[in-house]
Amino acid sequence: MKKTWWKESVVYQIYPRSFNDSNGDGIGDIPGIIEKLDYLKELGIDVIWLSPVYQSPNDDNGYDISDYQAIMDDFGTMSDWENLLDEIHKREMKLIMDLVVNHSSDEHAWFAESRKSKDNPYRDYYIWRPGHDGEAPNNWAATFGGSAWDYDEASGEYYLHLFSKKQPDLNWENPKLRNEVYDMMKWWLDKGIDGFRMDVINFISKAEGLPDGPNPHNKKYGDGSQYFMNGPRIHEFLHEMNKEVISNYDVMTVGEMPGVNVEQAIEYTDASRDELQMVFQFEHMDLDSGPEGKWDLKPLDLRDLKESISRWQTGLHGTGWNSLYMNNHDQPRMVSRFGNDKEYRVTSAKMLATFLHMLQGTPYIYQGEEIGMTNIRFDSIKDYKDIETLNYYRDALNEGKSEEDIMQSIYTKGRDNARTPMQWNDEVNAGFTSGTPWIAVNENYKEINASKAVHDPDSIFHYYKKLISLRKQYEIIQYGDYELLLPDHTEIYAYTRSYEGKKLLVLTNFSDQEQVFTKPGELQFDADQVLVSNGVVASLETDEVVLRPYEAVVYLGE
Ligand code: NOJ
């Protein structure tokens, strides 16, 4: 296996709107990020992934970009951004930027031109089609509700938008568009950035003819995903991007890829194919959803998580590379989702971190995860800001769902769970802003905040710091082979890692009950081989280890 810096790095994701506000307008900004770089350095972070800071009308909080080469006024200026890059590099950290090129904003100059007329030179930068008998060109649903097509009166055609109608899809079939994207990428790379996280990058190639998708639940719109996820020319486009741009720099790339499976991920990340280095896959994010998708709540069966994670661990070993995450700006807080955010918040947050950080792959920490921030429950839908959540609320009410069920889904899965302001201290607005925050702060900030965590040696923060330093110290954590133990146990997730004659044993209890781990005969660990644990050190000197609620213990031996 080839060793590289990005395989040995830990990444921290910043969602700038909610990170730190330096000028009191209630919105996080770039100077605010600079103020917190020492905090990230102390945690041990190598790479920062910055969610979009480009100019945007904010229909989808910056994932709708109207100018790829300008900074959003809310966040500061280009010179603030240059300063940020300098300050990150000064601290020997790296910066990767979000690349959102499946779609732009409808307020991008390209789209303004494109919609002017059918013969405008920019028409083919987007995907325009005539309707069928007064209806949209096909039955595809948009991710944020409604049809994936919007009718444009002036030119008498529809344009495709897989997300909101203010996010028209770019036409990657057009080589001119592709070259514009590559030039823009080079422009950022030449400024010195260290790579890209690529938004829904496996959506950029659409199947010819854009056929109707299945509609098994007889909804208003069908599911076109088989015609736009991992489409026919996707590998060709990514290879071309690699050849034209990426291969000329020593940078890191991670492609966000809903619907990708292990075999496809190998194709995307196999170094010999020159496409991407890592993908964000979603299988483990979908295990607690029913057949109707993310809002259709279903309890997680730990055996499903083991089966999925293990398949990815062994599948990509030696060929591709995993990215490890349990939350981000689109997902609920991991301690609320997979742990227990009440009585066992601290213990379960540490357990989940142990589970994730001992796996093979590059770990991603989402802002606030390192202090165990939790989901939010606003009483009124009026306090929610996320376009996906608000559209779901409206559409589900129209479909006749009860308000109670809808709110339950939003409490459990809504994206605003991750987007409440970062909790820095126990002062007003958790120290996030001196003004009125754009979204309300979680009321638990007096208890859960970074200042408290930094000053408490037993905090989740210090536990993460330890996990990160262990990864740097032990190659077995970075590169060792993975093997699952106890596949059928419903509460304990146990696995080993092996490397150059050494063995790591990772035991994690995902439940609020005591669990007994029965030691397989060949595992000869005892108490002085504990590398890290969130509890009082358990012992493997007998055949049985008792794991208390949400306990985690890692042993290193031969
Ligand atoms: C994935 C991003 O992570 C999400 O926040 C965004 O809404 C969609 N892609 C559309 O850009």
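Not measured: the values here are computed from a predicted model. Whatever order the structure lists them in is the order used to number ligands and atoms, beginning at 1.
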Run through all N or O atoms in ligand 1 and write down each protein N or O closer than 3.5 Å, as a pair with its distance.
{"residue": "ligand 1", "atom": "3 (O)", "partner": "Arg197", "partner atom": "NH2", "Å": "3.1"}
{"residue": "ligand 1", "atom": "3 (O)", "partner": "His329", "partner atom": "NE2", "Å": "2.8"}
{"residue": "ligand 1", "atom": "3 (O)", "partner": "Asp330", "partner atom": "OD2", "Å": "2.4"}
{"residue": "ligand 1", "atom": "5 (O)", "partner": "His329", "partner atom": "NE2", "Å": "3.0"}
{"residue": "ligand 1", "atom": "5 (O)", "partner": "Asp330", "partner atom": "OD1", "Å": "2.7"}
{"residue": "ligand 1", "atom": "5 (O)", "partner": "Asp330", "partner atom": "OD2", "Å": "3.4"}
{"residue": "ligand 1", "atom": "5 (O)", "partner": "Arg415", "partner atom": "NH1", "Å": "3.3"}
{"residue": "ligand 1", "atom": "7 (O)", "partner": "Asp60", "partner atom": "OD1", "Å": "3.4"}
{"residue": "ligand 1", "atom": "7 (O)", "partner": "Asp60", "partner atom": "OD2", "Å": "2.5"}
{"residue": "ligand 1", "atom": "7 (O)", "partner": "Arg415", "partner atom": "NH1", "Å": "2.9"}
{"residue": "ligand 1", "atom": "9 (N)", "partner": "Asp199", "partner atom": "OD1", "Å": "2.9"}
{"residue": "ligand 1", "atom": "9 (N)", "partner": "Asp199", "partner atom": "OD2", "Å": "3.1"}
{"residue": "ligand 1", "atom": "11 (O)", "partner": "His103", "partner atom": "NE2", "Å": "2.9"}
{"residue": "ligand 1", "atom": "11 (O)", "partner": "Asp199", "partner atom": "OD2", "Å": "2.7"}

Applying side chain to side chain contact (heavy atoms under 4.5 Å, CB included) to Glu180 and not counting sequence neighbours gives Trp110, Tyr122, Tyr125
Is any side-chain N of the basic residue among Lys206 and Glu173 closer than 4.0 Å to the acidic one's carboxylate O? no
Is any side-chain N of the basic residue among Asp288 and Lys413 closer than 4.0 Å to the acidic one's carboxylate O? yes
Should the pair Lys7 and Trp5 be classed as cation-pi, given the thresholds of under 6.0 Å to the six-membered ring centre and 45° from the axis? no
List, one per line, each side-chain donor-acceptor pair under 3.5 Å for residues 369-376, sequence neighbours excluded.
{"residue": "Glu369", "atom": "OE1", "partner": "Asn327", "partner atom": "ND2", "Å": "2.9"}
{"residue": "Glu369", "atom": "OE1", "partner": "Tyr366", "partner atom": "N", "Å": "2.9"}
{"residue": "Glu369", "atom": "OE2", "partner": "Tyr464", "partner atom": "OH", "Å": "2.7"}
{"residue": "Glu370", "atom": "OE1", "partner": "Tyr12", "partner atom": "OH", "Å": "3.4"}
{"residue": "Glu370", "atom": "OE1", "partner": "Gly368", "partner atom": "N", "Å": "2.9"}
{"residue": "Glu370", "atom": "OE2", "partner": "Tyr12", "partner atom": "OH", "Å": "2.7"}
{"residue": "Glu370", "atom": "OE2", "partner": "Tyr39", "partner atom": "OH", "Å": "2.7"}
{"residue": "Thr374", "atom": "OG1", "partner": "Asn442", "partner atom": "ND2", "Å": "3.4"}
{"residue": "Thr374", "atom": "OG1", "partner": "Asn444", "partner atom": "ND2", "Å": "2.8"}
{"residue": "Asn375", "atom": "OD1", "partner": "Arg333", "partner atom": "N", "Å": "2.8"}

Does anything in residues 54-71 pair up under salt bridge (Lys or Arg N to Asp or Glu O under 4.0 Å), and if so which pairs, sequence neighbours excluded? Asp60-Arg415
